Amino acid sequence: MTRLYTAQWILPVATPPIRDGAVAVQDGRILAVGPELEVRARLARLGTPEITDLGQAAICPGFVNVHTHLELTALRGRLENLSFFDWIQTLTRLRGEQMSAQDLDIAAQWGVVEAARAGITTMADVGASGAGFRALRRGGLRGIAYQEVFGPDPMQAKKSLASLKRRIEAQRSEETELVRLGVSPHAVYSVSALLFRLVIEYAEREGLAVAIHCAESQAEDDFMRTGQGPFAEFLRARGIVWTPPRTSPIRYLSDLNVLRVKPLLIHAVRATEEDIGLLTFHGTSVAHCPKSNAKFGHGVAPVGRMRRRGVRVGLGTDSVASNNVCDILDEARFAQLLGRAVQADGQWLSADAVLRWMTLDGACALGLDDRIGTLEVGKEADLTGISLAGPHLEPVYDPVTAVVTAATGRDVVLTVVQGRVIYDGQQVQTLDEARLQHHLPSLVAQLSSGAPDAS
Ligand SMILES: [Zn+2]
C-alpha cells in the first residue's frame with residue numbers, strides 16, 4: 001500500500017521547499033517527493049493511494065534528538081537550582097533508591113510520548129537501567145540506547161565492565177533495525193582511565209556506539225587541570241587516588257586513545273581551539289545541549305567554531321531534569337539565538353541551516369545520514385508534520401522561517417517513523433498515554449518525600 005502525505009509545504013532539507021507537495025511512502029521508505037500533482041501522476045500506475053492531507057502545514061524530515069535520558073523524565077522540575085555536583089548526587093540517589101524498575105519504565109515511556117508529540121523520530125538516549133531502550137522500542141521511535149557505566153576507582157574497573165557486559169548481553173537479542181544499543185562511560189570524573197580503556201576495547205569488539213559526557217563544566221575542568229574541586233574531593237573522601245593529567249578533558253580522552261572509536265561527545269562546552277582540532281582530526285561528533293548547559297550556568301559550547309571546522313554537531317535536549325522540555329524546535333531556536341548573542345553576529349545560521357541542524361546534521365552526528373535526515377527517494381520515511389496555522393505562526397512568508405522562528409513542538413500534528421504513524425495529531429498510537437499519565441501523581445509523591453534536595 002502506498003500512502004501519500006500532502007501539505008501546503010514539503011521541506012525536504014536536501015532540496016528547496018515545495019509548495020502544495022506530497023511525500024509518497026511505501027514499505028517504510030520514501031517512494032516520491034514533489035508537487036502533489038506530479039507525485040500523483042507518477043504513482044498512477046500503482047493504483048489509488050491512501051491520503052493523509054495535513055492542509056496548512058509543513059512536512060519535514062523527522063527531528064533527531066542526539067542526547068536524552070528518558071528514564072529521568074519523572075524528575076522534571078524536581079531538581080531545580082542545585083549546583084551541578086549536588087544535582088548529580090541528588091539525581092543518583094533518587095534514581096537509585098526511590099525508583100523501581102517499573103517507575104523507570106513509566107518515566108521513559110512518558111518521555112517517548114512527549115518526544116513523539118514534539119515530532120522527534122530519533123533519540124540518542126543514555127541510561128543506566130535499560131528503560132530507555134525498552135521505551136524506544138515500545139514507542140516505535142528510532143534510536144541508540146547507550147548503556148551507562150560508572151566507576152572512578154580503578155580497582156573496580158573489571159567489576160564495572162562485567163556488569164556492563166551482563167546488561168548488554170541481556171538486551172542484545174532485543175535490538176531491532178530501528179533501536180540499537182550503545183555504551184556510555186559516563187564522564188572523566190566518574191570513570192577511571194582503566195575502565196575507559198576496557199569499555200572502549202569492548203565497544204570496538206562488539207561494534208557498539210559510544211557516547212561520553214565531556215567538557216561540560218568548570219568543576220570538570222578543575223578536576224582535570226588542578227585536581228581540585230567537588231569531583232576531586234568526592235574521590236578523595238572515598239580513598240581513590242586521583243593524579244590530574246593537567247590537560248583538558250578532551251585532550252585526556254584523546255591521550256587515552258578513546259577518540260579512535262569516534263564517540264559522541266556530549267556537551268563539549270569548554271572545548272578549546274586545540275580540542276576542536278582533536279575533534280576534527282578524530283571525526284568525533286558532538287551533542288550540543290544549549291538549554292541544559294545554560295540552566296546549570298556552564299556556559300555556551302563553541303558550536304560556531306566547531307561547525308566551521310567541520311565537526312559534526314547535533315542538537316540534544318538532555319534530560320527534562322535539566323531542560324525541562326524535550327522539544328527540538330525549542331532547542332534549535334535557543335541554540336541559534338544564543339549563538340548569535342555570544343558571537344555578536346545577527347546573521348549566524350540561516351533558518352535553512354537551523355532546519356538542517358534539527359534533521360540531517362543530527363542524523364550525521366549519529367552516523368544515520370544514509371538512512372534518514374532528509375526527504376529523498378529511497379530514504380526511510382521518518383516524517384514530522386507541523387501546523388502553520390495560528391496567531392503565533394501567521395502570516396507565513398517563508399515556511400522554513402515560520403517553522404524555525406515561531407513553531408514549537410506543540411504545533412506538531414504528525415510523527416511518522418519508517419512509515420509507521422506514531423502520533424496522528426491527537427494521540428500517540430504506540431503507547432497508552434492515559435495509563436502512563438495516571439501513574440505520575442504517585443511518582444511525584446514518592447520522589448518528593450524522603451529525599452530533600454540540597455537547598
Ligand atoms: Zn546527559
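When a ligand or atom number is given, it counts from 1 through the structure's own listing order. Just so you know, these numbers use all the heavy atoms, side chains as well, and skip hydrogens, waters and symmetry mates. This structure is a prediction, so every number in the text was calculated from the model and none was measured.
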*Asks:* To the nearest 0.5 Å, what is the distance between CG (Leu383) and CG (Leu11)?
*Replies:* 11.5 Å
*Asks:* If the cut-off is 2.8 Å, does any N/O/S atom of His267 fall short of it from the Zn ion (ligand 1)?
*Replies:* no
*Asks:* Looking only at N, O or S atoms, find the one in Asp318 nearest to the Zn ion (ligand 1) and name it.
*Replies:* OD1
*Asks:* Could you tell me whether His298 and His267 have their ring centroids closer than 6.0 angstrom?
*Replies:* no
*Asks:* Hey, is there an N, O or S on His213 sitting under 2.8 Å from the Zn ion (ligand 1)?
*Replies:* yes
*Asks:* Hey, is Asp318 close enough to Lys291 for a salt bridge, meaning N to O under 4.0 Å?
*Replies:* no
*Asks:* When you compare the side chains of Thr374 and Lys379, does any donor N or O come within less than 3.5 Å of an acceptor on the partner?
*Replies:* yes
